[in-house]
J.: 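My questions all concern the structure below.
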Amino acid sequence: MSALELFEIQKTFSGERVLDRVSIGFERGKIHALLGENGAGKTTLVRIATGLIRPDGGRILLDGRAVVLRSVRDAERIGIGMVHQHFTLVGALTVADNLFLPRGPSWFTARKLQSKAHQILSRHGIDLDPATRVDDLSVGERQRIEVVRALERATSVLILDEPTAVLAPTEVEALFSHLERLRSLGLAIVLITHRLPEVRAVADHVTVLRAGRIVLSRPAPLVDDSVLATSLTGVSRVFPESGAVLPGAVLPLSASRVRVRALAGERFGPIDLDLPDGTITAIAGVAGNGQTELVETLVGLRRRSSGDMVIDADEIGFLSGDRHGTALALNLSVGENVLLKRPLLEGIWWPPRRVESLSRPLLERFRVLARSPAQPMGELSGGNQQKVIAARELSFRPPVVIAENPTRGLDLSATAQIREELRAAARRGAAVLLCSTDLDEVAELADRILVAERGRLHPTSRDLGEISRRMTGLDLASGAGS
Amino acid sequence: MNGLSGHGRNIGVAAALTSVVMFLVLLMLWMLGVSPSEAAAQLFLGSMGSTGAWVATLRHFVPICLLATGISLAARGGLWNIGAEGQWIAGALAGWLAASACGHWSLALLAGGLGGGLVVAIPTLLAVRRNVSEVLTTLMFNFLMLEVLRYSIAGPLQEPTGQFPQTAPIPPGAHLPLWHFTAARGAPLSLLIAVLCAVLVQLFLFRTRQGLLIRATQSAPRAVTTGGFSPEKARFIALLLSGGLCGLAGSIQVCGDTLLVDRSIASGLGYTAIAAALLAGKQPLWCIPSAFLFAVLYTASASLQWARDLPAMDRFALLVQGLLVLAILAALAARRRPAVH
């Protein structure tokens, strides 16, 4: 019987169904891998399991008994603990302090705390001085302290949210052998990950979520790699070859406006990349593989740490997927936002009437639904906000266009419209870089495809099976590139 | 600019806040033994009941309006200029120096603006180049300028007899047209400057490209960067102009009101103006009514103090201000949507 069972869980955020009657059970003595792309609902699911948010419908059962989780404390009390993706330890305090924060004994001496901490650490087979400051630990050591701390509070179910994202390979091995020990002690372990080799290495059971539903749930030995990759990315067909396949990232001719050599920065590089005029180059990949950092370096939002980069364009058309942080000023009007670009915003005087008369044709051409250009930006729906970005970034006919998840969260017609605008930009000769986690989008638009994996770009054919294997790290693990 | 609905809402909020605060004030006075009707009458008469009362109110209005306008300008660029008080002191000292040296108010006002700008320059550079919080640095400069003031009026700038901790009066040629409503001196220039500055800053923010960029920088500096502009430049301009306006206010105070510099110049108006800017919703134009309200509060509570000689009344104006700020913050917090998880 499952230690923790989630039954018919439903959750809706502002009209969008994030979890659609998801039922899943986590058994004692098993490591259960939970997979899914960004936005598939994994995080929402584990937040419900740990009492951070409450479901709209469904039941949570612990050892067959229905429980109601109103807070993280409720979840801890019945034995459910979580290791978050981001570290929660306090760097300036010692390991012992952190182990007992914030629910340790009220009265203690440092020595007593340390001896208790020492007992706990040795029980987990960790050889560490509890008086060490957390700041002085390696990333892998910190991660294991996070695990130990979660277990000090929760004793039956341990959930880990992408615990290996920041770890070096040897640290991953250490973490996994720790998890295997815990499994043999009878704990139910939930491991959220993007990497299929890790699933292969430790998981007993695999569940894949896509768009709020469970699309696969099987014992790990019964799951074929390609089935896993397919169900993860939702792509089951191989799309036909169209146009020339350009295998490499660097082109033989120097006909491209954007030339990048050995470029490196935070979380990516070194990268060589050319963007030829009149083509759409797509970077596919699971989010968090350095694409965002690369794009932000190209458009000047980040500094590179080394390498060369030449962009022959006065201004880049930049369709950012980060609407509120990077693309739009929500305290300004729609008209002011659509003109917030140097080629459009010329001259000193910009009275409201001028803003309106210059922005109106742009808004109409891109079919932005706004009452008037004077309407506050924040009042528009997400789709219309994205159209405002497209109107601004494409209307001045930039020779270079960089788009990052330009249609995320948009409805079908808005998606089709923005994709058509990108195609039109390429047709009139612009060099277009499309960075997308949506494989269908990549397949539909790209003239050539690169896959981002751990900060590097790998050229790939148009075979979607190969792309999804590369995206999930399988090709690299097995060393079998095709 | 905001739509009409936005302005209507602002007026409604301001009216509701004022009523709540007035109610609390009268309640407190009643607890101190003053009948509410008598207190209300005195509050009105003391601030607007006579020519003298009007003059007293407008004397407070001019600096609060200028300072609040300056603070709003910085706030529109996402920066909180807590240093208005220090910049105002610098403006007063610089204005006094220029007035004494060249004997005309126009140069004194120019010097005041430059003085304020000079004081805010270091926090501006730190904020723009090194990402140091301007809240902290501008506040620190207030304490620094307070000491500079003390030193100046007891040291190098002290009046020739050396008896009082104050400067000598500025020469008559440097006087702004004074507060002679009854005499035929015409409209006081300082009042005109204060209102004009609020209007000009409003136009700058909402009708020029640089104003648009400053407002965009407040919420989305990255969008300004990718638009091909510099959010650093926008911040720099906003904070420097803000300091300049506060300095201008200080020199106007010297040339148009006090005619010399003494310890009383540091009376905390720079902090009051932060509350006034908050109430105005960071709209320079709205700083005019907002500053007027705070000026009324100042003179009304002062008159109540004299009229009743209540022991607990000597900090009355501050008390009322405190209530008003709390009410504003509560209203802002209520309007903000709860976080969604």
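Sequence lines set the chain letters: A, B, ... in the order given, protein chains first and strands last, and positions in each chain run from 1.
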J.: For A:Arg354, I'd like to know if atom CZ has over 12 heavy atoms of other residues, nucleotides or ligands within 6.0 Å.
T.: yes
J.: Side chain, backbone, both or neither: which part of A:Leu328 has a non-hydrogen atom closer than 4.5 Å to chain B?
T.: backbone
J.: Is any NZ, NE, NH1 or NH2 atom of the basic residue among B:Glu134 and B:Arg235 found under 4.0 Å from an Asp or Glu carboxylate oxygen of the other?
T.: no
J.: Mind ranking A:Ile389, A:Thr44, A:Leu344, A:Leu301 by heavy-atom pairs under 4.5 Å with chain B and telling me who comes out on top?
T.: A:Leu301
J.: So for B:Thr208, is it side chain, backbone, both, or neither that comes closer than 4.5 Å to the heavy atoms of chain A?
T.: both
J.: So, the side chain of A:Ser320 versus the backbone of A:Arg323: is there a donor-acceptor pair under 3.5 Å, distance only?
T.: no
J.: Measure distances from A:Gln375 to the heavy atoms of chain B and classify the residue's part below 4.5 Å as side chain, backbone, both or neither.
T.: neither
J.: Give a yes or no on this: more than 12 heavy atoms of other residues, nucleotides or ligands lie within 6.0 Å of atom CG of A:Asp314.
T.: no
J.: Answer yes or no: is there a side-chain heavy-atom contact under 4.5 Å between A:Ile316 and A:Ile311?
T.: yes
J.: In terms of heavy-atom proximity below 4.5 Å to chain B, should A:Leu340 be classed as side chain, backbone, both, or neither?
T.: both
J.: Please classify the contact of B:Leu203 with chain A as side chain, backbone, both or neither, using a heavy-atom distance under 4.5 Å.
T.: neither
